[in-house]
Student: 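Right, I'll just put the structure down here and ask away after.
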Amino acid sequence: MKLFIDPGHGGDDPGAQGNGLDEKDITLAIALKIRKIILNDYENVQVKMSRTSDVTRSLAQRSSAANAWDADFFLAIHINSADSSAQGYEDFIYNGVSNSSKAAKYQDIIHAEVIKVNQLKDRGQKKANFHVIRETNMPSLLTENGFINNKHDAELMKNAAWQQKVAQGHVNGIAKSFGLKRKATKETPKTTTAPKTSTTPKTTQSGTKTVYTVYVGSYKSKENAQDRVTELKKKNIKSSIITTKISGATWYRVKVATYTTNANAEKRLKEIEKAGYDDAFIITEKTSTAPPKTETTKPTSTSKPATNTNKPTTSASKLTTAKPATSTNSNTSTKGSTTANPSKTTNNSTNQIPIIAAPGNFTILGPTFLSPEQMNQFVKKVNPKAPELGEFYQTFGKYYGIRGDVAFAQAIHETDYFRFTGVVNPEQNNYAGIGATGGDTRGASFDNAEEGVLAQLQHLFAYATTKPLPNKYPLVDHRFQLVDRGSAPTWTALNGKWAVPGTTYGQSILSLYEKMIHAGS
């Protein structure tokens, strides 16, 4: 089943306004929740949206996109407006269809399901000559979810829990209408990410030059990428196809332009989005402008060497160690780290024993100390059937400059030693509970184990830094853009963000990590 969701208004068009709210924001919030619920909970469903962010879309763009995709059902989400006394929910099908049409049948079912949960007055099922339900080729429905200038309705709209109920009502109706089959679920509840606002400064890397590349889509099918190039050419946008490998498969990304400043890349990205492409994104590539510097134990002005005493030394990343090893990464700065043996760039020495002196300062970015074998052996002591994922955590950790072994501890915490006793199933390859919100909402699914680990490290990168994501691997974390970038540079800063309420989430991860360190020392 192919579902096309159209969040009303957006960008330059705020839609109805009242009680401090804009219609475009409420419609998008509900639509995104509908997409998330139906993809997580039901089998054989594809979802496409007219917009996934605050961008402008014309009515013709919305209906044409649905028709071109050959959707099975078109759902437009709107908020009503009238005088302040008007309130309630109503929905519309095109006035040119009969009462025995599929659209009318689906309206009957969806209307009943939404009214069950939305706490709004029932204004009935109606017909109208609205563009999006008239010009779409498939059965279409437009829902008006309350009146924004009515105090009662507006107060509900401000509540994320109400938005979730409304989204669930729509999904329940769609599932009944199309006879969708639910995915298998487990009962243990799971918490979810709730980004909060704060920032962390960007870091720079000596001896490199950063370039910012704008892409418009990443595909597993070369034909799809070629179609995108052809489509862009018709709009006088030059592009080319760049290939990369992940999980042994070739991915095809459509490149538009490369810039030396992020500002220029962002400007171009906005132009691409206005042209109708909300799947455009920016990734970075760092090229060397000078021979890389090798750290020594000799004191310098930017790094403090390890001493010969028994006291622990402290690196710029707030990690205290007895003998730390460096982990270089062409995309992440390692300037200022402390080493006792700078010639070592591997991380399998059991003599390198990190000591977490201050959990609140223990950063997500940093070197990986444990080897893949040490990680795998640790988890197999509890779960002999655990998958051997250590290599992925080391590889992706090194590339993104993230502590891969701590990320492994996070996965242990999330999956109960890969026994998956919570809401997420093993088949999802979702080792960090990305997108899982509890109940029947199981979160994201990934094609294989490698992609699941990659998504976790990309999600951590989003929280840890405001830097653009390096471009060696495709973006597989579908929630990357939802993160308040750089808002959690430390593991404990993930409290209340990666998990809610999660007041000790980061501490639990670090506690597991310390057990891993001692087991491997």
Side-chain angles (χ1 to χ4, degrees), residues 11 46 48-53 55-58 61 64-65 67-70 205 207-289 329-332 395-396 399-400 446-448 450-451 454-455 457-458 461-462 465-481 485:
Q46 300 178 58
K48 198 164 188 176
M49 297 177 62
S50 61
R51 65 183 182 97
T52 57
S53 59
V55 294
T56 305
R57 293 284 184 270
S58 69
Q61 285 177 319
S64 296
N67 291 337
W69 191 46
D70 194 23
Q205 181 174 355
T208 62
K209 179 177 70 174
T210 303
V211 293
Y212 303 90
T213 304
V214 180
Y215 290 90
V216 191
S218 181
Y219 305 91
K220 289 185 178 179
S221 164
K222 186 175 182 180
E223 290 73 20
N224 288 344
Q226 290 171 334
D227 289 344
R228 175 55 61 87
V229 170
T230 301
E231 184 181 334
L232 291 168
K233 186 176 181 181
K234 292 179 181 179
K235 297 186 178 183
N236 296 318
I237 301 174
K238 294 182 179 180
S239 61
S240 59
I241 298 175
I242 305 297
T243 61
T244 189
K245 287 278 189 179
I246 180 170
S247 305
T250 301
W251 284 63
Y252 303 89
R253 295 186 296 211
V254 179
K255 173 183 173 181
V256 173
T258 299
Y259 300 90
T260 57
T261 67
N262 188 47
N264 287 337
E266 290 284 355
K267 180 179 179 181
R268 184 58 171 156
L269 179 66
K270 290 181 180 179
E271 292 172 352
I272 295 296
E273 288 178 340
K274 286 185 178 180
Y277 300 97
D278 55 11
D279 57 347
F281 57 94
I282 298 172
I283 55 180
T284 187
E285 178 181 5
K286 293 201 174 190
T287 57
S288 177
T289 58
N329 172 16
S330 60
N331 296 286
T332 306
T395 299
F396 296 138
Y399 178 71
Y400 289 117
F446 303 99
D447 290 344
N448 49 55
E450 183 176 1
E451 191 171 299
L454 179 60
L457 272 290
Q458 289 176 343
F461 186 90
T465 176
T466 56
K467 295 168 64 177
L469 187 71
N471 68 347
K472 181 177 180 180
Y473 303 101
L475 179 61
V476 296
D477 171 25
H478 303 304
R479 296 180 63 82
F480 187 91
Q481 304 298 337
R485 296 297 311 280

Student: Got a sec: does the NZ of Lys234 have more than 12 other heavy atoms crowding it under 6.0 Å?
Tutor: no
Student: Run the numbers on Thr213 and Arg253 for side chain to side chain contact (heavy atoms under 4.5 Å, CB included), then give the verdict.
Tutor: CA-CA 11 Å; Thr213 304; Arg253 295 186 296 211; over 6 Å; no
Student: Using the side chain to side chain donor-acceptor pair (under 3.5 Å) rule, take Thr261 and Asn264 through it: C-alpha gap first, then chi angles, then the decisive distance, then the call.
Tutor: CA-CA 6 Å; Thr261 67; Asn264 287 337; 3.0 Å; yes
Student: Once rounded to the nearest 0.5 Å, what's the spacing between atom NZ of Lys235 and atom CD1 of Ile272?
Tutor: 9.0 Å
Student: Less than 4.5 Å apart, side chain to side chain, heavy atoms only: is that true for Gln226 and Val229?
Tutor: no
Student: Applying side chain to side chain contact (heavy atoms under 4.5 Å, CB included), run through Gln46 and Trp69 and close with a yes or a no.
Tutor: CA-CA 11 Å; Gln46 300 178 58; Trp69 191 46; 3.8 Å; yes
Student: Parallel, tilted or perpendicular for Phe396 and Tyr473, by the 30°/60° rule?
Tutor: perpendicular
Student: Taking only residues two or more places apart in sequence, or in another chain, which ones meet Glu271 in a salt bridge (Lys or Arg N to Asp or Glu O under 4.0 Å)?
Tutor: Arg268
Student: Side-chain contact test, heavy atoms from C-beta onward, threshold under 4.5 Å: evaluate it for Val214 versus Lys255 and give yes or no.
Tutor: no
Student: Supply the atom-to-atom distance Phe461 CZ to Leu475 CG, rounded to the nearest 0.5 angstrom.
Tutor: 11.0 Å
Student: How about Phe446 and Leu454: do any of their side-chain heavy atoms sit closer than 4.5 Å?
Tutor: no
Student: From Tyr400 OH over to Lys467 NZ, what is the distance, rounded to the nearest 0.5 angstrom?
Tutor: 12.5 Å
Student: With side chain to side chain contact (heavy atoms under 4.5 Å, CB included) as the test, would you mind laying out the steps for Thr465 and Arg485 before giving the verdict?
Tutor: CA-CA 6 Å; Thr465 176; Arg485 296 297 311 280; 4.2 Å; yes
Student: Is the shortest side-chain heavy-atom distance between Lys274 and Val55 below 4.5 Å?
Tutor: no
Student: To the nearest 0.5 Å, what is the distance between CD on Gln458 and CD on Glu451?
Tutor: 9.0 Å
Student: How long is the gap from OH on Tyr252 to CG on Asn224, to the nearest 0.5 Å?
Tutor: 11.0 Å
Student: Thr56: which residues meet the side chain to side chain contact (heavy atoms under 4.5 Å, CB included) condition with it, sequence neighbours left out?
Tutor: Asp12
Student: Would you please test Tyr215 and Asn471 for side chain to side chain contact (heavy atoms under 4.5 Å, CB included) and show each step?
Tutor: CA-CA 10 Å; Tyr215 290 90; Asn471 68 347; 4.2 Å; yes
Student: Got a second to check how far Arg57's CZ is from Met49's CE, nearest 0.5 Å?
Tutor: 10.5 Å
